[in-house]
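Working notes for the structure below.
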Amino acid sequence: MALRGNLRDFTITQLLNLINLARKTGTLIVEGPNETAEIAFREGKLAYAKIGQEENGLAMILHRSKQLSANQYEVVLQRAESMTDKELGLTLINAGYISQEDILANLQQYFTDIIRRLFTWVEGFFRFENDILPQEDRINIRLDLENLIIEGSRQLRELEQLQDEIPTLEMALKFTERPGANLQSVNLSVEEWRVVSFIDPKNTMKQIANAAKLNELEIRRIVFGLLQAGLVELVRAEGAPAPKPVRMFPTEDREEQKTLVNRLIGRIRSM
Amino acid sequence: MQTVKMVVTGPFSAGKTELIRSVSEIDVVSTERKLTDKAERTVKEATTVAMDFGRITVDEDLVLYLFGTPGQKRFDFMWEILSEGMLGFIVVVDSTRPETFREARSILETFRAYAPTPYVVAANKQDLEDAWEVEDVRNALRLDPKIKILPCVASDRDTVKTILLELLYSILEEMESGG
């Protein structure tokens with residue numbers, strides 16, 4: 001079934017979060033006001049990206065990032081016209097022009113720049129196609145999405161939207177136990193690190209904001225980014241006053257309560 | 001006569017009234033009013049403004065009441081009152097309207113803050129072509145893997161029964177683990 005919708009309702013950051021958490025493989029197609037972007041993922045990691053009709057061959061990417069001079073670029077175009085990106089990459093490495101690491105770093109920069117452009121899109125439709133994978137002849141990367149998610153979350157500025165995401169600051173935070181989530185590999189700002197240093201189920205977000213001298217908007221924005229990146233989760237603060245006790249069952253006896261639930265189960269099964 | 005209650009909550013037009021209607025043995029006592037907002041009217045004609053009320057009689061001295069909350073945020077003052085003393089709650093989400101997921105998450109957090117009772121999420125309208133997959137809805141709602149999210153077609157009594165049963169199993173599990 002479809003993973004599709006409108007960017008007004010579901011931002012690129014939220015989509016990246018979803019792809020990351022579900023470790024999805026496939027291509028996210030985003031139809032913006034003027035052009036269409038295609039971002040491919042393998043097991044929740046960024047693999048490849050292209051936007052509109054922009055020339056995105058390896059030679060052009062290396063030329064744009066000044067790894068190939070104008071002359072070298074012309075030569076490559078003439079001599080390697082029929083080569084795939086993978087073949088061209090191998091040729092350049094073997095010729096000593098560039099290292100494999102540099103090729104991957106340049107591709108990573110180009111693909112992440114495309115995603116940064118998408119962060120500015122507020123109108124458009126998206127769909128995720130499980131069956132569409134990047135072309136075999138293109139060089140794929142494997143980039144964790146957490147940094148991009150944090151970066152995209154920093155751009156969310158509307159207090160109203162953040163209040164919907166985090167309705168109360170009386171909750172606390174704890175680090176997730178999700179495999180693969182690694183705080184060390186995420187680039188955090190000074191303010192973000194300050195918040196991270198106070199993360200403990202004993203501290204409410206309000207207390208963290210006070211300690212880190214952040215206002216409500218700032219703490220919400222930082223927490224939203226950490227939540228989106230799957231690094232933390234909201235929990236009830238330890239030591240917080242428990243909600244006032246209310247009678248859920250007509251009896252105080254534990255065994256009678258269980259019997260009552262079993263009677264409910266029996267009744268619903270028989271309906 | 002002993003009574004217990006469960007709450008059915010979720011965003012506007014998620015299918016809460018329909019879900020209660022599918023299993024209630026009485027005609028749902030509904031407080032629906034015609035919508036005045038033009039944008040909301042494009043989704044449905046009438047909405048619940050105070051609560052829906054359904055009933056399942058277990059035997060001669062036990063009754064389960066199902067309370068449906070109003071989905072629109074301007075009626076959220078009703079939520080805390082309705083949540084008092086509930087055994088658990090069901091969050092109904094329209095799987096075809098990702099624009100409501102953010103609100104669903106907010107409602108879920110609010111109810112969790114009112115009462116730390118067990119809850120399940122019903123990914124409704126799974127019979128429609130443009131419904132998001134249940135696991136995608138889970139991720140969009142940032143649900144803990146331990147929380148049950150179940151496929152749902154609110155008009156289909158069997159899927160609603162499964163949702164009620166799963167909530168009851170969660171309640172039982174929590175009681176048995178000393179929660």
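Keep in mind the model is a prediction, meaning the values are calculated, not measured. Proteins come first, then strands; the chains are lettered A, B, ... in the order of their sequence lines, and each starts at number 1.
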Considering only heavy atoms and a distance below 4.5 Å, find which of Glu99(B), Arg102(B), Glu135(B), Met86(B) pairs most often with chain A.
-> Arg102(B)

Glu218(A) atom CD, neighbour heavy-atom count above 12 within 6.0 Å | yes

Tell me, side chain or backbone of Leu234(A) under 4.5 Å from chain B's heavy atoms, or both, or neither?
-> both

Closest heavy-atom contact between Asn17(A) and Asn139(B)?
-> ND2-O, 4.4 Å

Shortest non-hydrogen contact from Phe10(A) to Pro98(B)?
-> CD1-O, 3.7 Å

Can you say whether Val23(B) sits under 4.5 Å from chain A via the side chain, the backbone, both, or neither, judging by heavy atoms?
-> both

Under the salt bridge (charged side-chain N to carboxylate O under 4.0 Å, His left out) criterion, do Asp9(A) and Arg97(B) qualify, and how do the steps go?
-> CA-CA 9 Å; Asp9(A) 311 315; Arg97(B) 294 178 63 218; over 6 Å; no

Give the minimum heavy-atom separation between Arg263(A) and Val58(B), together with the two atoms involved.
-> O-CG1, 3.6 Å

Locate the shortest heavy-atom distance separating Arg105(B) from Gln14(A); write the atom from each residue and the value.
-> NH2-NE2, 4.0 Å

Stepwise, does the side chain to side chain contact (heavy atoms under 4.5 Å, CB included) test hold for Phe101(B) with Leu18(A)?
-> CA-CA 12 Å; Phe101(B) 293 172; Leu18(A) 206 137; over 6 Å; no

Taking salt bridge (Lys or Arg N to Asp or Glu O under 4.0 Å) as the test, write out the residues that go with Glu123(A), two or more places apart.
-> Arg8(A)

Arg236(A) side-chain N/O to Arg112(B) backbone N/O, donor-acceptor pair under 3.5 Å | yes

If you draw a 6.0 Å radius around NZ in Lys206(A), do more than 12 non-hydrogen atoms from other residues or ligands fall strictly inside?
-> no

Per-residue tally against chain A (heavy atom, under 4.5 Å) across Leu62(B), Asp144(B), Val4(B) peaks at Leu62(B)

Of all heavy-atom pairs between Arg269(A) and Tyr169(B), which one has the smallest distance, and what is that distance?
-> NH2-OH, 2.9 Å

One should read off an interatomic distance between Asp158(B) CG and Met271(A) CE, to the nearest 0.5 angstrom, of 9.5 Å

Value for CZ (Phe249(A)) from OG1 (Thr3(B)), rounded to nearest 0.5 Å, stands at 12.0 Å

Report yes or no: does Arg267(A) contribute a side-chain atom to a donor-acceptor pair with the main-chain N or O of Asp59(B) at less than 3.5 Å?
-> no

Phe89(B): partners by ring pair (Phe, Tyr, Trp, His ring centres under 6.0 Å), with sequence neighbours left out = Phe111(B), Tyr119(B)

Can you tell which of Ile265(A), Thr251(A), Thr168(A) has the highest number of heavy-atom pairs within less than 4.5 Å of chain B?
-> Ile265(A)

Does atom CZ of Arg42(A) have more than 12 heavy-atom neighbours, drawn from other residues, nucleotides or ligands, at distances under 6.0 Å?
-> yes

d(Leu143(B) CG, Leu21(A) CG) to nearest 0.5 Å is 11.0 Å

Identify the heavy atoms of Leu264(A) and Leu87(B) that sit nearest to each other, and give their distance.
-> CD1-CD1, 3.8 Å

Answer with side chain, backbone, both or neither: which region of Ile166(A) has an atom nearer than 4.5 Å to a non-hydrogen atom of chain B?
-> neither

Count the heavy atoms of every other residue, nucleotide or ligand shown that sit under 6.0 Å from CD of Glu60(B), and state whether that count exceeds 12.
-> no

Side-chain heavy atoms of Asp136(B) within contact of Lys24(A), under 4.5 Å | yes

Thr57(B), part contacting chain A, at a heavy-atom distance under 4.5 Å = backbone

Structural part of Ile171(B) lying under 4.5 Å from a heavy atom of chain A = side chain

Options Arg157(B), Glu109(B), Arg142(B), ranked by heavy-atom pairs under 4.5 Å with chain A, top entry = Arg142(B)

